[in-house]
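Step one of this worksheet: look at the structure below.
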Amino acid sequence: MSGWRSLAYAAARPLLFRFEPERIHRLTVDALRIAGENRFGRRVLVLAGGAPRRRRPWAELMGLRFRNRVGVAAGFDKDGVALRGWAALGLGFAEVGTVTPERQPGNERPRLFRLPEDQALVNRMGFNNAGALTLARNVMLARRHLPRDFVVGANIGRGRATPPARARDDYLAAHRLVAPVADYVVVNVSSPNTPGLRDLQDAAWLDDLLRALDDAGRQLAVAPPLLVKLSPDLDDSVRDGIVAALVEGPAAGVILSNSSIHRDGVASTQAGEAGGLSGPPLLPRMLAAVARARQIAGDRLVIVASGGIASGGDADAARAAGADLVQLWTGLVYGGPGLIGEAVRATSGPSARVAAEGRLVR
């Protein structure tokens with residue numbers, strides 16, 4: 001990453017990293033919320049993000065207009081309090097959550113750890129959130145202030161105290177609250193920090209759940225597109241089977257991937273902390289998973305690349321592998337908001353591989 005934005009953030013990062021990770025994360029989201037609510041603050045965020053401004057959207061996917069292909073992944077703004085700030089930074093979309101039907105505190109602290117040698121993070125947050133109703137209210141209140149081509153996704157999950165046998169009820173309850181206000185809804189069955197959640201990554205179970213959510217949306221007269229977020233730790237054959245099943249069902253897309261329990265190639269001393277790893281160590285597996293999913297799904301699913309994107313080059317590599325959209329998270333922690341503009345510019349047109357193959361560019 002180059003330019004004055006990256007240099008400015010590199011100078012400020014040592015000071016920021018003196019704070020406990022979860023505390024500075026909370027302060028960052030609060031600052032985004034406050035800045036997004038006033039004109040001067042939004043102007044500062046526009047400069048910080050450095051994303052080019054375009055009048056026409058670059059992508060039309062799932063029946064939605066995205067002004068660009070770069071978004072923030074779920075987990076950064078769990079309760080959707082800083083949507084105006086994310087929009088001002090120049091993102092094309094924000095995925096908020098993960099939320100559960102009821103408020104829950106998450107796991108005990110400390111639960112977020114920096115791995116600076118690897119530019120990575122480990123978290124075991126445990127779906128700490130204020131509940132789906134609060135998220136829905138926050139999105140609804142922000143809507144009239146957001147650009148029309150800024151897309152908001154809502155990521156939903158199972159509550160920690162809910163028995164796995166009743167997981168379907170939790171997803172339906174959370175969906176009922178967020179579907180009326182979200183542009184798309186993500187079914188999260190891949191967090192490593194809720195016991196038993198990853199066991200729900202079963203093609204038949206997911207198909208049944210997605211059909212139930214689709215029916216529920218139609219009954220509500222609001223049926224936002226449904227996506228599924230999968231784990232990077234699935235065997236290729238298992239993930240291939242799920243993607244193939246998604247193609248035949250009501251899902252509009254798949255997000256690849258969530259955080260990982262594996263620590264291959266990680267050097268940091270904090271790597272031994274329990275939880276999900278995120279950041280550049282995940283990039284090769286994410287790119288491979290995206291390429292396999294694109295080969296299976298063709299143009300019948302929207303593929304969102306999430307995991308390890310820390311530069312414009314990484315974002316372009318994700319597009320070249322077959323991703324329609326890319327999401328940032330850990331890269332923002334280490335690279336700062338200037339990463340947004342870099343990623344937007346890198347994904348502003350068809351990738352070289354997409355153009356060479358003549359694949360439909362939507």
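These numbers were taken from a predicted model, which means no experiment stands behind them. The residues of the chain are indexed from 1 along the displayed sequence.
Looking only at distances, a side-chain donor or acceptor of Arg198 sits under 3.5 Å from a matching main-chain atom of Ser190. Counting only distance, with no hydrogens or angles, the side chain of Asn68 and the backbone of Gly90 share a donor-acceptor pair below 3.5 Å. Listed for the Asp79 side chain is a donor-acceptor partner under 3.5 Å among the backbone atoms of Ala130. Arg144 contributes no side-chain N or O that, together with a main-chain N or O of Ala142, makes up a donor-acceptor pair within less than 3.5 Å. Of the possible donor and acceptor atoms, none in the side chain of Ser268 sits under 3.5 Å from a partner among the backbone N and O of Ala271. Asp149 places no side-chain N or O within donor-acceptor distance of the main-chain N or O of Arg65, the cut-off being under 3.5 Å. Put simply, the side chain of Asp233 never gets that close to the backbone of Ser260: no donor and acceptor are under 3.5 Å apart. When atom types are taken as modelled, the side chain of Glu20 and the backbone of Pro110 share no donor-acceptor pair closer than 3.5 angstrom. A donor-acceptor pair under 3.5 Å is absent between the side-chain atoms of Arg5 and the main chain of Gly338, judged by distance alone. The backbone N or O of Val151 sits nowhere less than 3.5 Å from a side-chain atom of Asp183 that would complete a donor-acceptor pair.
Between Asp214 and Arg218 a salt bridge is recorded (basic side-chain N to carboxylate O distance below 4.0 Å). Between Arg319 and Asp316, none of the side-chain N atoms (NZ, or NE/NH1/NH2) sits under 4.0 Å from a carboxylate O, so this pair counts as no salt bridge. Using a cutoff of 4.0 Å between basic side-chain nitrogens and carboxylate oxygens, Arg285 and Asp264 are not scored as salt-bridged. Using a cut-off of 4.0 Å between Lys/Arg side-chain N and Asp/Glu carboxylate O, Arg160 and Asp170 are scored as not salt-bridged.
Between Glu117 atom CD and Gln270 atom CD the span is 9.0 Å, to the nearest 0.5 Å. We find the CG-CG distance between Asp215 and Leu210 to be 11.0 Å, quoted to the nearest 0.5 Å. The CZ atom of Phe76 lies 6.0 Å from the OG1 atom of Thr28; values are rounded to the nearest 0.5 Å. Atom-to-atom distance recorded for Leu282:CG and Thr330:OG1 is 8.5 Å, nearest 0.5 angstrom. Distance CZ/Phe93 to CG/Leu325: 4.5 Å, rounded to 0.5 Å. Rounding to the nearest 0.5 Å gives a distance of 11.5 Å between CG of Asn129 and CG of Asp77.
Of the candidates Asn107, Thr194, Leu112, Met125 forms a side-chain contact (heavy atoms from CB on, under 4.5 Å) with just one, namely Leu112. Checking Asn128, Thr98, Asn123 one by one against Asn193, the side chain to side chain donor-acceptor pair (under 3.5 Å) holds for a single residue, Asn123.
Minimum interatomic distance between Ala35 and Leu45 (heavy atoms only, all atoms of both residues): CB-CD1, 3.7 Å.
With hydrophobic clusters built from ILVMFWY side chains whose heavy atoms lie under 4.5 angstrom apart, Leu339 does not share a cluster with Val46. Put simply, Val29 and Val333 are part of the same group of oily side chains (I, L, V, M, F, W, Y) that touch within less than 4.5 Å, one to the next. When the side chains of ILVMFWY residues are joined at heavy-atom separations under 4.5 Å, either directly or via intervening members, Leu256 and Leu226 end up in a single hydrophobic cluster. A continuous path of Ile, Leu, Val, Met, Phe, Trp and Tyr side chains, each step under 4.5 Å between heavy atoms, connects Leu246 with Val290, placing both in one hydrophobic cluster. Leu61 and Leu227 fall within a single hydrophobic cluster, where Ile, Leu, Val, Met, Phe, Trp and Tyr side chains are chained together by heavy-atom contacts under 4.5 Å.
Within the 4.5 Å cutoff, the side chain of Pro232 has no heavy atoms near those of the Met286 side chain. Side chains of Val187 and Leu213 form a contact here, defined as non-hydrogen atoms less than 4.5 Å apart. No side-chain heavy atom of Asp118 sits less than 4.5 Å from a side-chain heavy atom of Leu277. Thr162 places none of its side-chain heavy atoms less than 4.5 Å from the side chain of Asp169. Annotation: side chain of Leu200 is not in contact with side chain of Leu209 (no heavy-atom distance under 4.5 Å). In this structure, Val99 and Lys78 have side chains that are not in contact, with every pair of non-hydrogen atoms separated by 4.5 Å or more. Side-chain contact check for Asp324 versus Leu301: every heavy-atom pair is 4.5 Å or farther apart.
For Arg166, the CZ atom is loosely surrounded, since the number of other residues' heavy atoms within 6.0 Å does not exceed 12. Other residues, nucleotides and ligands place no more than 12 heavy atoms under 6.0 Å from the CZ atom of Arg176. With a 6.0 Å radius and a threshold of 12 heavy atoms from other residues, nucleotides or ligands, Gln295 has its CD atom at or below the threshold. The number of heavy atoms from other shown groups lying within 6.0 Å of CD (Glu273) is above 12. By the 6.0 Å contact criterion, CZ on Arg26 is enclosed, its count of non-hydrogen atoms from other residues, nucleotides or ligands being greater than 12.
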| said: As a quick check of understanding, evaluate side-chain contact (heavy atoms from CB on, under 4.5 Å) for Arg43 and Leu47, giving each step before the final call. | reply: CA-CA 6 Å; Arg43 288 178 178 174; Leu47 289 173; 5.9 Å; no

| field | Check against side-chain contact (heavy atoms from CB on, under 4.5 Å), Val178 and Val96 | value | CA-CA 11 Å; Val178 304; Val96 293; over 6 Å; no

| query | Passes side-chain contact (heavy atoms from CB on, under 4.5 Å), Leu32 versus Leu89? Steps please. | reply | CA-CA 9 Å; Leu32 273 175; Leu89 280 172; 3.6 Å; yes

| said: Could you go through Leu83 and Arg33, starting from their C-alpha distance and side-chain angles, then the distance that decides it, and tell me whether this counts as side-chain contact (heavy atoms from CB on, under 4.5 Å)? | reply: CA-CA 7 Å; Leu83 288 169; Arg33 174 183 58 79; over 6 Å; no

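Two rings, from His25 and Trp329, have their centers less than 6.0 Å apart.
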